[in-house]
Amino acid sequence: MSFRINKMEILLQYHDQVLQGITNDYRRFLHEKIDWKDRMIGVKGPRGSGKTTLLLQHLKYDLGDDFKKALYITADHTWFYNNTLLETAMLWYQRGGRYLFIDEVHKYARWSRELKNIYDGFPNLKIVFSSSSALDIYRGEADLSRRVISYELPGLSFREYLAFTGYGKWEAIPFKTLVKDHVEIAHSFLEKGPFIPVFKTYLKYGYLPIIAEGESGYFTKLEQVINTILDTDLAFIASYNSGTSAKVKKILGVIAESVPFKPNISNLSRKLDVSRELIYESIQQLRDARLINLLHAKGQGISQLQKPEKIFLENTNLAYVFNTHPNTGNLRETFVLNQLLNSGLEVLSPDKGDFWAEDLYLEVGGASKTASQVKMVTNHLVLSDDIETGIGQKVPIWLFGFLY
């Protein structure tokens, strides 16, 4: 047994090397929302959203005297060619370890059952793991629903982007507060200078923390993120093969060409020569992987086989990957839907206006946008681009980037 414990040195060296590059300069909003005292915590999110950094910052800066009792591993490490996750937890526990941080757990085939075994077998060991958004951690081969507390980490909000790039720090604003006090809020923010130019940059480059590496290579990295999700992450989670991956890429390409996409499943099936079932499955998996957002009609039920009213790309940065000059109106709607959903609100497609959220009808447009399409209802808002401040029921779009 001592030989196997010593053999863990390769994991300890990897742990040390990874931690060297971690700083505490900026933390994502999710840090303060997680109850780190829980025994098993799962952090899901799109690739590139900062899950690894979140885990490592907590390990490096928050554990105090327990720092040396924590180990960071990644589930695709070569160690797991010949060692199981359960064996690793046991060896680490025998060395005095009391915290185990597991990155990209979806890349380990028996993740669900072995996490359950670790939880039940080592009651003094705390486990924090990350996974792709596409992984349903409550539907593995073993029941984790009573054991794991799950959190979702989306991409950067506009508010976070401002802090991340050194422009300024502000607290998140609840939706109802923003709607009620938007004029005063906008005026207080504008003391820092105009927001519209930096907002336009955010729409193009600012959703993922990889922007810290510079704008010049951002889209190349974003393309790599998309390909990794489709070729690797979903291969682990949905048992994709290369042929399936190619078909799903075609489906995503068709959606991206005409967002907001109003799906006609039969036409799409004939156009791409794929089954209706694959299209339905792919739409759900692309949504779960945070590459698209689905908008369902108000008043209709939502199920996996329920056709969405519209399909959007998940964030505005993706629009620039598929089109160097994306439609401005689509960018506005994509941004609004993204920020509303990421802040935890339910958003539906109404019969009037673009979106329905929190009992309000939302109409999205440019500076000259009027309430003509929603004026017949009193509970409406007009979300206007290219204005610094609003008035009455007309609100600057960029303010919705402060919801989380």
Side-chain angles (χ1 to χ4, degrees), residues 44-49 75-76 104-109 111-112 131-137 139-141 154-155 207-208 219-297 302-324 326-327 330 334 337-338 341 349:
K44 296 170 58 177
R47 181 169 288 276
S49 62
D76 60 353
E104 298 199 285
V105 74
H106 59 278
K107 292 188 176 180
Y108 185 85
W111 62 272
S112 178
S131 74
S132 162
S133 292
L135 186 71
D136 187 346
I137 63 176
R139 292 184 62 189
E141 60 181 274
Y207 190 62
L208 294 179
F219 292 131
T220 299
K221 295 183 179 70
L222 195 51
E223 288 180 10
Q224 292 171 349
V225 165
I226 296 170
N227 285 325
T228 302
I229 290 171
L230 297 177
D231 294 335
T232 305
D233 291 348
L234 289 179
F236 281 100
I237 295 164
S239 300
Y240 273 16
N241 55 40
S242 58
T244 306
S245 176
K247 291 176 181 177
V248 175
K249 286 179 181 178
K250 288 182 179 179
I251 293 171
L252 179 59
V254 170
I255 292 171
E257 282 178 358
S258 53
V259 285
F261 182 73
K262 295 186 177 182
N264 184 314
I265 304 300
S266 296
N267 287 348
L268 196 56
S269 175
R270 287 193 296 271
K271 180 177 180 179
L272 299 179
D273 192 26
V274 297
S275 69
R276 290 167 54 91
E277 290 74 18
L278 178 61
I279 292 174
Y280 274 114
E281 289 175 5
S282 299
I283 286 173
Q284 294 300 321
Q285 288 160 353
L286 290 170
R287 189 276 310 274
D288 292 343
R290 300 301 182 262
L291 289 175
I292 61 175
N293 275 328
L294 308 183
L295 188 65
H296 290 271
I302 300 174
S303 69
Q304 185 153 333
L305 295 178
Q306 175 71 45
K307 185 179 71 172
E309 187 72 14
K310 293 180 182 178
I311 302 177
F312 292 80
L313 290 173
E314 197 273 340
N315 65 82
T316 57
N317 294 178
L318 292 173
Y320 286 93
V321 171
F322 291 99
N323 188 337
T324 54
N327 178 269
N330 171 51
T334 299
L337 180 61
N338 169 271
L341 291 175
S349 178

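Just so you know, these numbers use all the heavy atoms, side chains as well, and skip hydrogens, waters and symmetry mates.
Side-chain contact between Leu294 and Ile283 is present, with heavy atoms from C-beta onward closer than 4.5 Å. Residues Ile226 and Leu252 form a side-chain contact, since some pair of their non-hydrogen atoms from C-beta on lies under 4.5 Å apart. In this structure the side chain of Ile137 never reaches within 4.5 angstrom of the side chain of Val105, judged on heavy atoms. For the pair Glu281 and Val248, the minimum side-chain heavy-atom distance is 4.5 Å or more. The side-chain heavy atoms of Leu295 and Pro260, taken from C-beta on, include no pair separated by under 4.5 Å. When side chains are defined from C-beta on, Val259 does not count as touching Phe322, because their heavy atoms never get closer than 4.5 Å.
Under the rule for a side-chain hydrogen bond (donor to acceptor under 3.5 Å, both in side chains), Ser269 has no partner lying at least two apart in sequence or in another chain. Under the rule for a side-chain hydrogen bond (donor to acceptor under 3.5 Å, both in side chains), the partners of Asn330 that lie at least two apart in sequence or sit in another chain are Thr334. A search for ring-ring contact (aromatic ring centres under 6.0 Å, His included) contacts involving Phe219 returns Tyr205, not counting sequence neighbours. Evaluation of the salt bridge (charged side-chain N to carboxylate O under 4.0 Å, His left out) rule for Arg287 yields no partner, not counting sequence neighbours. Under the ring-ring contact (aromatic ring centres under 6.0 Å, His included) criterion, Phe261 pairs with no residue at all, not counting sequence neighbours. A search for side-chain hydrogen bond (donor to acceptor under 3.5 Å, both in side chains) contacts involving Ser266 returns Arg276, not counting sequence neighbours. Residues satisfying the salt bridge (charged side-chain N to carboxylate O under 4.0 Å, His left out) criterion with Lys221, sequence neighbours excluded, are Glu213. With sequence neighbours excluded, no residue forms a salt bridge (charged side-chain N to carboxylate O under 4.0 Å, His left out) with Lys271. Legend: residues meeting salt bridge (charged side-chain N to carboxylate O under 4.0 Å, His left out) with Lys247, ordered by chain and number and at least two apart, are absent. Take Ser133 and apply the side-chain hydrogen bond (donor to acceptor under 3.5 Å, both in side chains) test, not counting sequence neighbours, and it matches Glu152.
The heavy-atom pair separating Leu291 from Leu318 by the smallest distance is O-CD1, 3.5 Å. Shown here for Lys307 and Pro263, the closest heavy-atom pair between the two residues is CD-O, 3.2 Å.
Listed by first then second residue, pairs satisfying salt bridge (Lys or Arg N to Asp or Glu O under 4.0 Å) with a partner in residues 312-323 number zero, not counting sequence neighbours.
For the atom pair OH (Tyr320) and CG (Leu222), the distance works out to 12.5 Å, reported to the nearest 0.5 Å.
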Could you list the donor-acceptor pairs under 3.5 angstrom formed by side chains in residues 227-236, with sequence neighbours left out?
unit_1 : atom_1 : unit_2 : atom_2 : d
Asn227 : ND2    : Glu223 : O      : 3.3
Thr228 : OG1    : Gln224 : O      : 2.7
Asp231 : OD1    : Ser245 : OG     : 2.6
Asp231 : OD1    : Lys249 : NZ     : 3.2
Asp231 : OD2    : Lys249 : NZ     : 3.2
Asp233 : OD1    : Arg47  : NH2    : 2.7
Asp233 : OD1    : His106 : NE2    : 3.2
Asp233 : OD2    : Arg47  : NE     : 3.1
Asp233 : OD2    : Arg47  : NH2    : 3.2

